[in-house]
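One structure is given below, encoded as structure tokens.
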Amino acid sequence: MAENILVYVEHLNGEVTDASFGLIALARQLASVNGASVEAAIIGGGAHGLAAKLAGADTILVGDTDTFGDFNPQGHSEVFAALVTSREPAITLVPYTSVGMDIASLTAATCNLPLVSYCLSVDAQDTLSATCQLYGGKVEVDVEVEGDRAIFAMLAGCASPDEGRSGGAGVVESIDVAVPDLGITFVSLTEPESGDVDITTEDILVAIGRGIESEDNIEEAQELADALGAALAASRPIIDQGWLPKSRQVGKSGLSVKPKVYLALGISGAPEHLEGMRDSSTIIAVNSDPQAPIFGVAHYGWVGDIFDFMPELTARLEG
Ligand SMILES: Cc1cc2nc3c(=O)[nH]c(=O)nc-3n(C[C@H](O)[C@H](O)[C@H](O)COP(=O)(O)OP(=O)(O)OC[C@H]3O[C@@H](n4cnc5c(N)ncnc54)[C@H](O)[C@@H]3O)c2cc1C
């Protein structure tokens with residue numbers, strides 16, 4: 001196989017996202033095995049300025065337009081689908097993010113191509129295949145694609161964003177961005193509320209998940225956080241219950257954090273959660289289920305009850 005690899009480049013607030021740099025690094029790895037070329041497509045306002053940062057791609061396809069606003073699923077996916085049709089990449093890589101989920105599924109439907117989601121890795125040596133997560137990361141499956149072209153929606157962490165930031169300058173090509181009859185209009189980007197602790201700048205985070213069981217038990221986690229000089233963070237169910245503010249949510253639909261220490265208490269480690277914390281320097285997990293996927297990313301783990309762990313550690317720190 002020597003066909004090209006096309007990467008969808010996501011950008012937000014004038015910055016290319018880490019997930020996109022990771023995909024460029026992955027595309028380079030695949031290309032080095034197959035002799036393929038790497039193309040990166042960047043669409044939307046300010047795309048021309050951002051193209052200069054996409055060092056790892058051989059060709060950068062730029063659709064610079066303010067018509068779509070920051071993100072318009074219809075506008076972006078129609079332009080991208082036209083590229084997938086005209087460039088005929090064997091492999092199309094899209095980040096499995098809130099934006100990427102829209103792009104990948106709409107493009108796959110428009111181009112009538114198979115879509116493989118929740119991918120951890122892709123292999124293209126003989127046939128196209130991928131390793132994907134199921135059931136919140138508890139199961140990994142190997143998927144083989146029928147045919148010689150597919151779209152892969154890649155989970156964060158599949159390759160190093162830093163690797164995707166280096167390389168020679170690619171050839172920049174402008175692309176057509178005319179999309180008639182836009183049925184969706186970008187209204188505004190809602191930033192998370194401010195005023196609370198900024199968990200993205202904290203060195204130590206004590207993160208609680210559904211294992212905390214009830215709002216009344218959060219005090220115990222807060223006492224441990226205080227003893228450690230840490231801030232309290234949480235998985236999404238805790239926020240959905242209204243037990244902590246949205247500004248404490250880690251993950252795909254929350255914040256990405258990279259503290260020195262991330263202590264995960266009663267968190268299973270679903271892909272959407274891992275996406276926001278797997279780059280932490282040291283991850284320590286406590287979970288009563290030895291099969292919990294969080295242990296797959298943790299540097300240290302203890303299989304046990306958080307209600308034994310929290311008071312014991314707090315007492316030792318205070319003692
Ligand atoms: C589009 C989308 C976006 C999402 N965005 C996010 C996001 O930003 N952040 C996020 O976190 N999730 C997000 N999710 C939800 C995600 O899929 C998971 O449902 C969620 O992360 C699970 O949270 P949890 O680990 O706290 O709960 P669970 O998966 O229920 O895990 C609870 C864990 O606690 C353990 N446990 C229970 N009791 C104890 C005890 N006493 N001691 C020790 N361990 C115990 C259990 O073994 C289990 O592993 C998103 C989902 C979707 C579809």
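Quick note: residue numbers are just sequence positions, from 1. As the structure is a computational prediction, the values presented were derived from the model and not from experiment. Read the numbers this way: they start at 1 and go in the same order the structure lists the ligands and their atoms.
With a 4.0 Å cut-off on non-hydrogen atoms, Ala270 touches ligand 1 through its side chain and not its backbone. At a 4.0 Å heavy-atom cut-off, ligand 1 touches Pro237 through the side chain alone.
At least one side-chain heavy atom of Phe307 sits less than 4.5 Å from a side-chain heavy atom of Glu213. Counting heavy atoms from C-beta outward, Phe186 and Phe68 have side chains that stay 4.5 Å or more apart. Counting heavy atoms from C-beta on, the side chains of Asp64 and Val177 never come closer than 4.5 Å. When side chains are defined from C-beta on, Leu6 does not count as touching Ile91, because their heavy atoms never get closer than 4.5 Å.
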- Message: Go through it in stages, so that I can follow the logic: the residues are Leu244 and Gln222, the test is side chain to side chain contact (heavy atoms under 4.5 Å, CB included), and I'd like the CA-CA distance, side-chain angles, deciding distance and then a yes or no.
- Response: CA-CA 11 Å; Leu244 285 175; Gln222 184 64 62; 5.9 Å; no

- Task: Applying side chain to side chain contact (heavy atoms under 4.5 Å, CB included), run through Thr110 and Phe80 and close with a yes or a no.
- Result: CA-CA 10 Å; Thr110 307; Phe80 190 62; over 6 Å; no

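Not a single N or O atom of Val286, backbone or side chain, sits closer than 3.5 Å to an N or O atom of ligand 1. The shortest N or O to N or O distance between Gly266 and ligand 1 is below 3.5 Å.
Taking only non-hydrogen atoms, the option from Ser253, Ala207, Ala264, Pro290 nearest to atom 6 (C) of ligand 1 is Ser253. Distances from atom 19 (O) of ligand 1 to the heavy atoms of Arg210, Met277, His273, Glu213 put Arg210 nearest. Taking all heavy atoms of Lys246, Glu275, Arg236 into account, the minimum distance to atom 10 (C) of ligand 1 is reached by Arg236. Considering only non-hydrogen atoms, atom 9 (N) of ligand 1 lies nearest to Val250 out of Asp308, Val250, Ile238.
Residue contacts with ligand 1 leave out Ser98, since none of its heavy atoms falls under 4.0 Å from the ligand.
The Gly304 neighbourhood of ligand 1 comprises atoms 42 (N), 43 (C), with distances under 4.0 Å to a heavy atom of that residue. Below 4.0 Å from some heavy atom of Gly251 lie the following atoms of ligand 1, by number and element: 7 (C), 8 (O), 9 (N). Annotation for ligand 1: atoms under 4.0 Å from non-hydrogen atoms of Gly254 are 8 (O). Counting the atoms of ligand 1 from 1 in the order shown, those under 4.0 Å from a heavy atom of Gln249 are 6 (C), 7 (C), 8 (O), 9 (N). Every atom of ligand 1 is numbered from 1 in the order shown, and the set under 4.0 Å from a heavy atom of Asp305 is 40 (C), 41 (N), 42 (N). Interface of Phe307 with ligand 1, defined as ligand atoms under 4.0 Å from a residue heavy atom, comprises 41 (N). If you number the atoms of ligand 1 from 1 as listed, the ones under 4.0 Å from a heavy atom of Gly209 come out as 26 (O).
Residue Phe152 is tested with Leu26, Val143, Leu128 for a side chain to side chain contact (heavy atoms under 4.5 Å, CB included); the sole match is Leu128.
Between Phe71 and His76, the ring planes are tilted. Angles from 30° to 60° get that label. Between His273 and Tyr262, the two ring planes are tilted [angle within 30° to 60°].
Side chains of Ser256 and Glu275: no donor on one and acceptor on the other come within 3.5 Å.
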